[in-house]
Amino acid sequence: MGAGILLFPSVNPVTIQNRSTGLRPLIITSHTNETGHKAMALRWEVLTKGGSAVDAVERAANTIELDPEDTSVGYGGLPNENGVVQLDASFMDGKTYSAGAVACLERIKTPASVARLVMQHTDHVLLTGQGALDFAKAWGFREEDLLTEKARKIWLRWKEELSPNDDWGEPDHLKNIINKESYRNDFPDIEHHYGTTNILAIDTNGDIAGCTTTSGLSFKINGRVGDSPIIGAGLYVDNEVGAAGATGRGEDVIKSCAAYYMIMRMKEGRTPQQACEDALHMIVEKYSRINPGFFPSEKFVAISSRGEVGCASMKGEKEPQMSVRNEKGFSLYTGTIAYRGK
Ligand code: ASP
């Protein structure tokens, strides 16, 4: 049996429904695909060998960022409206109350690592655009093209189908006559506009760290920054309380300071599961005064300093899940839907 099979068995992971007992050390990610599983398996070892939560979180983030098949994070992420991949990431260390982030970072595959360096080697919290790139290069990061063929084709398809009133797409006299080019058939569902990963961990000392990393809203306006690199919105970590992270429509997460809100709820005694749900209800309550039918798409994850976990999404039919690794092994934790079917 090869090492890969030993590390990442293809058996279905245990699924835990809405309940969580506290276990430390612990590492979780909002990613539930094979790469999320792989990131948990590999970085669990960092924690069990006495490594820090900061190290485990960074390496898990890098595993996900470097997956070229993942169109929501790092290398292979979907580009902005101009076809340029712009990445956002944040890092927070609950032990030292330190945070670092990068926004609109181009041409660097692992923005989580750059965010960690901002956190540990500057007196700033957030670097953007060219400044973030200059900083990364100063630390020896190599500039690379982040746009994979897969992401480029999805972007082209989006561009061609964006509007009938521009000149992208087949000539008018051939519209609806010729067969679609294969790249259009290859990616029929372009509804994917969101996607991000949160990674939260507690090490054997009880220290907590977290990271949120993303290519952000796909086809966004050049320069748009989402919630992921905003401390208190896409991520917050406090050793005394726990950690929380957000994915989904970042504009709502920024306005509601959702990650900080979840931490405050847990500080008041709510479980991580309740805190995730509270934050979603809080957002809908704000909109209910002006647009009662508006339910933005978000998914929140949280852990407590005791090692409990929680996860909730705003709407849909299928309960959200997250990947959890603790001494009981790898499991998929199933959370709740705040507004089912919306
Ligand atoms: N929250 C991210 C953003 O708004 C996107 C996502 O999580 O899907 O950039």
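Remember, it's 1-based here, ligands and their atoms both numbered in the order they're listed. Just so you know, these numbers use all the heavy atoms, side chains as well, and skip hydrogens, waters and symmetry mates.
- Between W158 and F219, the ring planes are parallel. Angles under 30° get that label, and only those over 60° would be called perpendicular.
- Those atoms of ligand 1 that come under 4.0 Å of a heavy atom in T247, given as number and element, are 7 (O).
- Contact check on E268 versus R265 returns a salt bridge, with a Lys/Arg side-chain nitrogen under 4.0 Å from an Asp/Glu carboxylate oxygen.
- Every atom of ligand 1 with a heavy atom of G226 under 4.0 Å away is listed here by number and element: 9 (O).
- Tested against V73 for a side chain to side chain contact (heavy atoms under 4.5 Å, CB included), the candidates D67, I64, T196, L87 yield a single pass: I64.
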Evaluate the criterion side chain to side chain donor-acceptor pair (under 3.5 Å) for residue pair D166 and S163; output intermediate values, then yes/no. CA-CA 6 Å; D166 65 23; S163 165; 4.7 Å; no
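- Of all atoms in ligand 1, listed by their number and element, those nearer than 4.0 Å to a heavy atom of L217 are 9 (O).
- Checked against ring pair (Phe, Tyr, Trp, His ring centres under 6.0 Å), Y261 has no partners two or more places apart in sequence or in another chain.
- Remark: ligand 1 and A246 share no N or O pair separated by less than 3.5 Å (distance only, no angle test).
- Considering backbone and side-chain atoms alike, T196 places an N or O below 3.5 Å from some N or O of ligand 1.
- Judged as a ring pair (Phe, Tyr, Trp, His ring centres under 6.0 Å), the pairs with a partner in residues 295-329 (not counting sequence neighbours) are, in order, F295-Y339.
- The ligand atoms of ligand 1 that sit less than 4.0 angstrom from a heavy atom of G216 are 9 (O).
- Contact atoms of ligand 1 toward D227: 1 (N), 2 (C), 3 (C), 4 (O) (distance under 4.0 Å to a heavy atom of the residue).
- Under the 4.0 angstrom criterion for non-hydrogen atoms, R224 is in contact with ligand 1.
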